[in-house]
Amino acid sequence: MAPALRYLGGACARARGGFSGALAWGWGPAPGAPWPLGRGGRRASTSSFDVVIVGGGIVGLASARALILRHPALSIGVLEKEKDLAVHQTGHNSGVIHSGIYYKPESLKARLCVQGAALIYEYCNQKGISYKQCGKLIVAVEQEEIPRLQALYERGLQNGVQGLRLIQPEDIKKKEPYCRGLMAIDCPYTGIVDYRQVALSFAQDFQEAGGSVLTNFEVKEIEKAKESPSRSKDGVTYPIVIRNTKGEEVRCQYVVTCAGLYSDRISELSGCNPDPRIVPFRGDYLVLKPEKRYLVKGNIYPVPDSRFPFLGVHFTPRMDGSIWLGPNAVLALKREGYRPFDFSARDVMDVIIKSGLIKLVFQNFSYGVNEMYKALFLSATVKHLQKFIPEITVSDIHRYF
């Protein structure tokens, strides 16, 4: 069995240098105290674990939690490059609990989304995590959209999405008094939650079960140990060495990489194939001013166009009471760049040289130009939003950064 397991994509390969071995289930916990939530992480110099998970976002923490609850005898560590957990993709998303309506029937995405929505509601109820099951309307505003809307409704039924209804204009008004439309799918099972709060709860579960979290640990190298450290009792029990940018190292039997926007680079470090490469896109959102929040009660989405890889501009309520409008999908110049002028030369060069960006641009050229135009000119985005809620004006919104 190969020791380096790439979580995202399911590809497996040997750690650099390679060796064969079996995963044992009876070793004791790693040394040192667990990471105190909200106060930084335990530092490492020669910590050893049965399994190390690279990435302290919601995917890495969910994986760590599931693994330690199923196999409590394992010593498991999570490595996170930031000082806090879940601060990137987990903390920078719209917070929607999707119901599973969009995906191809019988596909893994459809099954996981439907099951995942049920599980997230169940987990939040168990842990007392706040959420709102505010529902979603997918609204057709043009006659040509109605056949696509009806096909999407049938897809949702095949996927087992709960409570779906096709509704007419009078029922649209009952759900969203300020929204206009010819027909809509009412999807009451859609909700919203703060996913960072969920991720931190996963981390707490993981630690209470005996897991360890090391923050400020940015992985630089993953390789097979060339020799055991002098006077080390580990011997060849932990033959994978993971080093960070400060020269500290962690040893383990197996490594699972859940590195988000750096998943391709960490995969390559672990000896796996880096494809598909990450091409970062930033979602540019607008925010409805507080005095205009009454215009939107739940999620309002357009009918998606299957020719393009995005769902389109939509209305999204947030757990803090704000209403997000968007996003426009804009090519980012930095993988973790959340502002328009954030820039990384390495990230830009990777996109140009190593990714399939050119193919993507040619396949979606007109759509991409339109997204850039809407990102630059507020009035263009507002014009699109007015198809659904005509009362919205430019003075009712501001940019979110």
Side-chain angles (χ1 to χ4, degrees), residues 1-35 40-57 59-61 63-64 67-68 71 73-83 85 206-207 210-274:
M1 181 184 292
L5 307 180
R6 186 186 179 193
Y7 185 91
L8 298 175
C12 296
R14 295 178 185 273
R16 196 183 310 165
F19 72 99
S20 59
L23 181 60
W25 302 106
W27 300 319
W35 174 71
R42 180 169 62 83
R43 296 180 65 82
S45 55
T46 56
S47 298
S48 300
F49 302 95
D50 298 330
V51 180
V52 162
I53 294 172
V54 178
V59 175
L61 294 170
S63 302
L67 189 57
I68 203 166
H71 305 286
L74 285 175
S75 60
I76 303 173
V78 171
L79 308 181
E80 167 56 43
K81 69 182 176 70
E82 306 293 351
K83 64 176 180 149
L85 296 173
F206 171 65
Q207 291 176 266
S212 298
V213 176
L214 284 71
T215 54
N216 289 308
F217 196 106
E218 183 174 356
V219 174
K220 182 181 180 181
E221 294 180 272
I222 303 175
E223 63 182 9
K224 176 190 172 185
K226 295 179 175 63
E227 59 183 29
S228 299
S230 60
R231 297 183 299 277
S232 171
K233 296 180 181 180
D234 288 348
V236 293
T237 305
Y238 306 107
I240 298 176
V241 180
I242 304 174
R243 293 189 184 88
N244 67 8
T245 53
K246 302 172 186 176
E248 300 168 323
E249 68 178 42
V250 166
R251 287 173 170 257
C252 62
Q253 272 272 336
Y254 288 82
V255 58
V256 182
T257 67
C258 307
L261 289 169
Y262 288 88
S263 58
D264 54 344
R265 291 180 185 171
I266 298 298
S267 176
E268 192 168 25
L269 287 180
S270 72
C272 292
N273 190 328

Euclidean distance, S267 OG relative to I222 CD1, rounded to 0.5 Å: 9.0 Å

Close side-chain approach of L214 and F49, heavy atoms under 4.5 Å: yes

Gap separating the CG atom of L261 from the CD1 atom of I266, nearest 0.5 angstrom: 12.0 Å

By side-chain contact (heavy atoms from CB on, under 4.5 Å) - contacts of I68 (at least two apart): I76, F206, A209

Residue pair G55 / V78: nearest heavy atoms and the distance that separates them: O-CG1, 3.8 Å

Spacing of N244 atom CG and E249 atom CD [to the nearest 0.5 Å]: 9.5 Å

Stepwise side-chain contact (heavy atoms from CB on, under 4.5 Å) test for V241 and R251: CA-CA 5 Å; V241 180; R251 287 173 170 257; 3.9 Å; yes

Beyond-backbone contact of R243 with E223, side-chain heavy atoms, under 4.5 angstrom: yes

Set of side-chain contact (heavy atoms from CB on, under 4.5 Å) partners for E82, sequence neighbours left out: E80, V87, H88, E336

Exercise: identify the closest heavy-atom pair between I53 and S63: CD1-C, 4.0 Å

Interatomic distance, K81 atom NZ to N216 atom CG [nearest 0.5 angstrom]: 10.5 Å

Side chain proximity check, D50 to Y238, heavy atoms < 4.5 angstrom: yes

Side-chain heavy atoms of V219 within contact of Y262, under 4.5 Å: no

